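Written out below as structure tokens is the structure these notes cover.
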Amino acid sequence: SRPTRSALHDKSVRSYLENFGYLRKDRPEVANLLMENATQYYEDDFRIAVKTLQEFGGIPVTGEVDEATQRLMVQKRCGRPDVETGLEGKRRKR
Amino acid sequence: FVVQGEKWKHTNLTWSLSSLRRPSQLDPYHTRSVLARALDVWEQASRLTFTEVNSDDADIVVSFAKRYHDDAYPFDGRGSILAHAFFPGSGRGGDAHFDDDELWLLQPKNDDEEGTSLFAVAAHEFGHSLGLSHSSVKGALMFPWYQGIQPNFVLPEDDRNGIQQMYGPKENKRTWAKIPSYRPVETPPTTTTTTTTTTTRRPYIHHRHPNRHPNQHPGYTPYPRDPSKYPAYYPERPNYPHRPSYPEYPNYPDRRRYNTTEEHPRRTHHYPRPTETTTHPPTRRPHYPNVRPEYPYRPYNPTDRNHDYPKKKPYLYPEKTTTAKTTHIGVVTPSDKPDTCDTSYDAVALIRGELFIFKNRYHWRIGANGRYPGYPIEITRMWPSLPKGLTHVDAVYERPDKKIAFFVGKELYLCDSQHLVRGYPKPLTNLGLPESLEKLDAAMVWGYNGKTYFYSGTMYWKYDEDEGRVELDYPRDMSMWKGVGYNIDSVFQWKDGKTYFFKGKGFWKFNDLQMRVEHERQLPSAPMWMRCPAERAGRRAPYR
């Protein structure tokens, strides 16, 4: 079966969210498989990730990949993740 | 602000611009000046001090690179990702990498002009080098998206709080005050009780010191005058003595002093000229007196931007050994033939349902009835279309279309049964792998998802067999395959559907669901795969 849901939220958006720490990339090889059977589960994760990105970027938090989000995603930026995941997978906050 | 967790144990940090990966479009001297200013932003706000050193072992090594550059974060050409830096630590910890494809600006320009301020990005990246993560405060230096730079930039409060939480605020006294001969005198000279009047020389106070005397010349340098004692203040003049003037560096810092008394960048220099030959035509090269003997062969000098840097050594196959030995029973065997029960493996692959194990220029074949007799034999006897003089293969796997892929150095040989497919060998770059990749360690079709994976060093790639290229968001770090570490020898999927990773003389069985090895301790390969007796093959010491 092929992925649905607007091609699993556009591969490039998902890739952006993974690269900058908004979506978990712990087991991408397994996740790629599971996604086809658990679209809903990943749908929620995806929305949360988009919201976190929007909050971090200081744009309106909608949970949708809207125009402002797309503009933010093409802006020049640092290559480090915004949400750092240590080896133990914890998020560090101040 | 967000503090990542790692911080430097010392506050006197060193930095350098990498000698091998310098900016291709920028003048290195101006680049270093901008980098020094970017570090000064952090120095002014904290207890940290930064000293430039001429070594790639500095705490913070700055380099410029394009695309894939030996870490898990390849650059993406102009735009989008500009740079990244590593948190404090040994090795590449603290290092900052800049995308050489960007249009870097050394001077601030109008906002509508194309280009990216190197100063702004460097100051941000050095924040990572010191242990700060991204901040969601718009306007903060550690905000992840590029915001340009204001002319009179001062470190925003958010970043100042962050750096001061880690390293403390700046002390009032400047560090130069620690140099004994220039230490400011705390108490003013006192008058004596005797009737004679003494005159005391006024102590030197730096011109930026709040207690500076109003008559003190601002250009006066606090640097000590002995170059042998304080070499840091007297850097070696670049390319000395072959560049007598600095026409190309009109703004070269003229207050810098060099370790030779007669040298000064602003002065005209009179170097020994070669004595001219008078014969016509000249019969021999002119003699150069008083010039160092290796002229014109300049030694490697990382500060010399005109020097031809030594290129990376090409990948060379191990030398072929042709000497033969006579065993105690008189049988002559080639000395490079590996010991079946005591060897590591270059590659392991399941081909047509049979196991093929490759080592040097030999391979074993293991079928339903065990190891074929007479093996190991030369790989080229089974695949004669592989290059004559083949010394080893790096990785082998059977593609879903049943063709057999051999990776040798930077090339892929594709065989249909025993014959080389037309058009091969092809370079690894045709698969989307980086130019700098010297070889693959392993390749396999993963039974768990039917996708092809390539492994090399600390990285791995997912390969799209339909597209014929590796997928875009790769390479990724090998740590994803927990327990197998870096620099594996081989990997393959056995008939039981399980994945097996090989390294040295041992192997791990991998749990595909949990994405980790089933046993942390390696098992010896020979008893399992070659059916050797355990006492011959197994070491008593545990395999780790």
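These numbers come from a predicted model, not from an experiment. To find a chain, count down the sequence lines: A is the first, B the second, and so on, and within it residues start at 1.
Of the listed residues L472(B), T116(B), V121(B), D76(B), the one with more heavy-atom pairs under 4.5 angstrom with chain A than any other is T116(B). Ranked by heavy-atom pairs shorter than 4.5 Å toward chain A, the options F86(B), Y73(B), F143(B) are led by F143(B).
For a residue to count as touching a neighbouring chain, one of its non-hydrogen atoms must lie under 4.5 Å from one of that chain's; by this rule F75(B) does not touch chain A. When heavy atoms are compared at a cutoff of 4.5 Å, E125(B) approaches chain A solely by way of its side chain, counted from C-beta outward.
The distance between the ring centers of W508(B) and W481(B) does not fall below 6.0 angstrom. Aromatic rings of Y474(B) and Y460(B) (six-membered ring for Trp) have centroids within the 6.0 Å cut-off, being under it.
Atom CE of residue M515(B) and atom OG1 of residue T499(B) lie 9.0 Å apart, to the nearest 0.5 angstrom.
Under 4.0 Å is where a charged nitrogen must lie from a carboxylate oxygen, and between D95(B) and R21(B) no such pair does.
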